[in-house]
Q: 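Once you've had a glance at the structure underneath, I'll fire off some questions.
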Amino acid sequence: MPSVALPLYVFLLLSAASPAIGGEDSQSPTVYEILQGYDFPVGILPTGVTRYELDKTTGKFAVYFNKSCTFSISGYSLKYMSKVTGKISKDRLSNLKGVQVKLLLFWINIVEVTRDGNELDFSVGIASADFAIDNFYESPQCGCGFDCVDSGENGTGEFDLKQLITSS
């Protein structure tokens, strides 16, 4: 009997000490609920996340989609790779990899997003732009952004990325 109890105890101890890995059972919060817990609106991510991983001790995360996700908002294209990684803390997403914006003819990496009051600041490294947070209360959809006629979800968000070109 004692030989069965010890492995069970070790398993429970390791399970309690391991970092959170979400999206795999109905008890885990959704990635969108996780974002809200760090003071970000759900519209930072498009719909269609299949799973996520979060290490609560370091803030390192990975978000997965079935495939890369591209959509246009206000004439500009955004691309989310099938895996997006970074580090999350209250009001800050840093070390982002896997999110890009198309400026002119080039895809530029969005490397950081910070929240300052009712604005979100998107940084591509040497330039950044601020946008009102109310533009991100709903998640865009892959392929159609906020203009998804067939899905019945007609978004109202405005995301003017022209500011990234003119900001310094």
Side-chain angles (χ1 to χ4, degrees), residues 16-65 68-74 76-101 103 108-142 144-148 153-168:
S18 68
I21 296 177
E24 296 181 8
D25 65 52
S26 61
Q27 299 296 327
S28 297
T30 68
V31 70
Y32 305 101
E33 292 168 333
I34 295 290
L35 282 172
Q36 290 175 320
Y38 285 96
D39 210 20
F40 282 101
V42 298
I44 291 283
L45 282 176
T47 59
V49 171
T50 57
R51 68 182 179 98
Y52 71 90
E53 300 168 357
L54 172 64
D55 183 331
K56 291 181 182 179
T57 59
T58 65
K60 290 183 180 182
F61 70 88
V63 175
Y64 299 90
F65 297 90
S68 65
C69 173
T70 304
F71 53 90
S72 293
I73 299 175
S74 298
Y76 292 93
S77 295
L78 291 172
K79 184 188 298 184
Y80 287 73
M81 301 300 165
S82 59
K83 180 180 180 183
V84 175
T85 63
K87 184 176 179 182
I88 191 168
S89 58
K90 183 159 176 55
D91 296 330
R92 186 171 185 220
L93 293 166
S94 59
N95 301 327
L96 285 174
K97 291 186 173 82
V99 182
Q100 299 178 327
V101 59
L103 298 176
I108 308 290
N109 292 319
I110 296 174
V111 295
E112 184 173 80
V113 181
T114 55
R115 180 174 178 171
D116 184 17
N118 288 326
E119 291 193 342
L120 293 176
D121 181 67
F122 290 81
S123 174
V124 295
I126 59 171
S128 65
D130 294 330
F131 300 95
I133 199 161
D134 59 356
N135 294 319
F136 300 93
Y137 287 143
E138 66 179 282
S139 294
Q141 289 188 9
C142 294
C144 57
F146 292 114
D147 300 319
C148 302
E153 291 189 25
N154 296 319
T156 58
E158 292 292 325
F159 192 81
D160 186 7
L161 294 177
K162 291 178 188 173
Q163 293 180 24
L164 281 174
I165 296 172
T166 59
S167 297
S168 57

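Residues: numbered from 1 along the sequence shown.
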Q: Roughly how far, to the nearest 0.5 Å, is the CG atom of Asn118 from the CG atom of Asn135?
A: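 It is 11.5 Å, given to the nearest 0.5 Å.
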Q: Taking the side chain as every heavy atom from C-beta outward, state whether Leu78 and Pro46 have any atom pair closer than 4.5 Å.
A: no
Q: Taking the six-membered ring for Trp and the single ring otherwise, decide whether the centroids of Phe61 and Phe40 are under 6.0 Å apart.
A: no
Q: Would you name the heavy atoms of Tyr38 and Ser89 that are closest together and state the gap between them?
A: CD2-C, 3.6 Å
Q: Hey, what do you get for CD (Glu119) to OG1 (Thr114), rounding to the nearest 0.5 Å?
A: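 Rounded to the nearest 0.5 Å, the CD-OG1 separation comes to 10.0 Å.
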Q: With a 4.5 Å cut-off on side-chain heavy atoms, are Tyr52 and Thr30 touching?
A: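 No; the side chains remain at least 4.5 Å from each other.
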Q: Show the nearest heavy-atom pair for residues Gln141 and Thr47, with the distance to one decimal.
A: CG-OG1, 3.5 Å
Q: Rounded to the nearest 0.5 Å, what separation is found between the NZ atom of Lys56 and the CD1 atom of Ile88?
A: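 Reported value, rounded in 0.5 Å steps: 12.0 Å.
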Q: Compare all side-chain heavy atoms of Val42 with those of Gln36 and state whether any distance is below 4.5 angstrom.
A: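 Yes, at least one pair of side-chain atoms sits under 4.5 Å.
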Q: Would you check if Phe122 and Ile44 make a side-chain contact, meaning some heavy-atom pair closer than 4.5 Å?
A: yes
Q: Using every non-hydrogen atom in the two residues, find where Tyr137 and Pro41 come nearest and quote the distance to one decimal.
A: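 The pair with the smallest heavy-atom distance is CD2-CB, 4.4 Å.
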Q: For the pair Phe71 and Tyr80, name the ring-plane relationship: parallel under 30°, tilted 30 to 60°, perpendicular over 60°.
A: parallel
Q: Gly59 and Leu54: which non-hydrogen atoms are nearest, and at how many Å?
A: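 Looking at all heavy atoms of both residues, the shortest contact is O-CD1, 4.0 Å.
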Q: Tell me, do Phe146 and Pro140 make a side-chain contact under 4.5 Å, heavy atoms counted?
A: yes
Q: Taking the side chain as every heavy atom from C-beta outward, state whether Gln100 and Met81 have any pair of such atoms under 4.5 Å apart.
A: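 Side chain of Gln100 against side chain of Met81, heavy atoms only: contact under 4.5 Å found.
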Q: Let me confirm one number: the CZ-NZ distance from Arg51 to Lys83, rounded to the nearest 0.5 Å.
A: 8.5 Å
Q: Return the minimal non-hydrogen interatomic distance between Tyr32 and Val49, and the atom names on each side.
A: OH-CG2, 3.4 Å
Q: Could you measure the distance from the CD1 atom of Ile110 to the CG atom of Leu93? Nearest 0.5 Å is fine.
A: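 The CG atom of Leu93 is 11.0 Å from CD1 of Ile110, to the nearest 0.5 Å.
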Q: Taking the side chain as everything from C-beta on, heavy atoms only, tell me whether Asp121 gets closer than 4.5 Å to Asp116.
A: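 The answer is no, as the side chains (C-beta and beyond) never meet within the 4.5 Å cut-off.
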Q: Between Ser139 and Leu45 (side chain of the first, backbone of the second, donor and acceptor by atom type, cut-off under 3.5 Å), is there such a pair?
A: yes
Q: Working to the nearest 0.5 angstrom, can you tell me the gap between Lys60 NZ and Ser94 OG?
A: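 Lys60 NZ to Ser94 OG: 10.5 Å, rounded to 0.5 Å.
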Q: Of the non-hydrogen atoms in Arg115 and Ile133, which two are nearest, and what is the gap between them?
A: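 What the structure gives for the nearest pair is CZ-CD1, 3.0 Å.
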Q: Under 3.5 Å, side chain of Thr50 to main-chain N/O of Tyr64, donor-acceptor pair present?
A: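 Indeed, once roles are kept as given, a pair shorter than 3.5 Å links the two residues.
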